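A short write-up of the structure that comes next.
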Amino acid sequence: MKLKLKKNAYGKNAINVSKVIRHPDHHEFRQISVNVSLEGDFETAHTIGDNTKILPTDTQKNTVYALAKDHFTDSIENFGLYLANFFIINNPHVSKATIEITEHQWSRMAFDGVTHPHAYISSGSEKHTATVVQTVDKITISSGITDLLILKTTDSGFENYIKDQYTTLRETADRIFATQCEASWEYTTHKLDFTDLFTTIRKALLKTFAYHKSLSVQQTLLAMGYAVLEANNVVKEIDLKMPNKHHIPFNLDQFGMDNNNEIFIATDEPYGYITGTVTRE
Ligand SMILES: O=c1[nH]c(=O)c2[nH]c(=O)[nH]c2[nH]1
């Protein structure tokens, strides 16, 4: 039997960089986590243990910290583009560099309408993501959001589904809709105002979620994807993952009480998992 190495990639994950930008009257704080992955002519490292073409993952990590000083100045997308390009142009045997960046959101504390110059509060679980893939002749760039916890207390139902001998779920025209949305969209070009676009796309996702009269998570997912693509020509396609974070009406009958859609039990697991990619025809 003949065996061969089919694919390989290597890099450093979870390179956690925090940066303070010191302005005279306030500080800016940024916290990111970077994954670097390189592909290329690394076969002999696997086959005969020849490391002469290996840029150590430790060096990759150091490169990210060093370049953060002067090149992580605005969006994570632009920093990702700089990093991917740096690894490609400085290592001729690297044919593909993938940079994934996740940014934690911090905002300055405010007291009685006055923003504190250097004290921050986490903006919650939501994180902004960017992925840059650069090959010798192509750059693809995607942005996204993870752990976006959103919920609405009405304008959501789920009815007319298949019923069989195992069905116990009750139909409802009025339920809680909660999800931990993960979105990732690919841009058509890499010369864009990424910060501005992120704000616009995030708002389109949230506004559609809020105002959509939902007949299912599936239907709202598609409406959210359409809203982003319809309003942003520079978005090629969008991937959405929307786990159904169930809040199930609690049975108050057992205490002789009515439950008028007021008391629920939030169940973490198992959870429905609805995903979809929306693209242009
Ligand atoms: O919006 C929903 N989609 C489903 O596919 C599904 N399945 C389920 O049990 N509840 C729901 N809700």
Side-chain angles (χ1 to χ4, degrees), residues 102 105 123-131 142-187 197-232 235-281:
T102 301
Q105 308 290 315
S123 307
S125 59
E126 178 186 352
K127 291 171 263 310
H128 175 174
T129 60
T131 302
S142 312
S143 297
I145 307 179
T146 59
D147 297 322
L148 181 69
L149 276 170
I150 47 181
L151 178 149
K152 55 198 245 175
T153 51
T154 189
D155 283 346
S156 165
F158 187 60
E159 297 172 287
N160 304 319
Y161 44 81
I162 294 173
K163 318 272 181 333
D164 69 9
Q165 68 271 40
Y166 299 121
T167 305
T168 59
L169 185 72
R170 296 232 187 112
E171 296 200 336
T172 175
D174 190 1
R175 64 173 181 175
I176 291 180
F177 182 173
T179 186
Q180 186 162 355
C181 181
E182 182 176 336
S184 165
W185 53 91
E186 187 182 331
Y187 290 114
L197 276 161
F198 180 84
T199 307
T200 307
I201 291 168
R202 180 181 181 278
K203 186 170 164 197
L205 289 169
L206 294 183
K207 201 166 170 192
T208 309
F209 174 81
Y211 286 98
H212 189 242
K213 305 272 184 243
S214 177
L215 297 176
S216 65
V217 176
Q218 287 88 334
Q219 192 204 17
T220 303
L221 179 149
L222 184 64
M224 289 166 71
Y226 280 170
V228 170
L229 292 190
E230 275 163 7
N232 299 278
V235 177
K236 195 169 154 193
E237 68 178 36
I238 181 164
D239 266 322
L240 287 155
K241 297 187 171 78
M242 295 183 45
N244 199 349
K245 309 278 285 179
H246 306 289
H247 290 247
I248 299 164
F250 191 81
N251 178 11
L252 294 181
D253 281 354
Q254 50 198 337
F255 313 122
M257 295 165 80
D258 289 337
N259 188 354
N260 298 319
N261 224 0
E262 288 173 299
I263 303 296
F264 303 83
I265 178 162
T267 58
D268 277 346
E269 295 179 355
Y271 58 89
Y273 193 56
I274 321 293
T275 68
T277 302
V278 188
T279 194
R280 298 182 191 280
E281 291 216 50

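Both ligands and their constituent atoms are indexed starting at 1 by order of listing. The basis for the numbers below is simple: all heavy atoms, side chains too, and nothing from hydrogens, waters or symmetry mates. Note that this is a predicted model, so its numbers are computed, not measured.
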- Message: If the condition is side-chain hydrogen bond (donor to acceptor under 3.5 Å, both in side chains), which residues does S214 pass it with, not counting sequence neighbours?
- Response: T220
- Item | Amino acids contacting ligand 1, non-hydrogen cut-off under 4.0 Å | F158, L169, R175, S216, V217, Q218, N244
- For D147, which residues count as a side-chain hydrogen bond (donor to acceptor under 3.5 Å, both in side chains) partner, sequence neighbours excluded? K127, Q180
- Inspect the surroundings of CD in Q165 and state if more than 12 heavy atoms from other residues, nucleotides or ligands are less than 6.0 Å away. yes
- Query: Can we say K163 and E171 salt-bridge, meaning some charged N sits less than 4.0 Å from an Asp/Glu carboxylate O?
  - Reply: yes
- For L221 and L240, work out which heavy atoms get closest and say how close. O-CD1, 3.4 Å
- For residues 248-281, which residue pairs qualify under ring-ring contact (aromatic ring centres under 6.0 Å, His included), counting only residues two or more places apart or in two chains? none
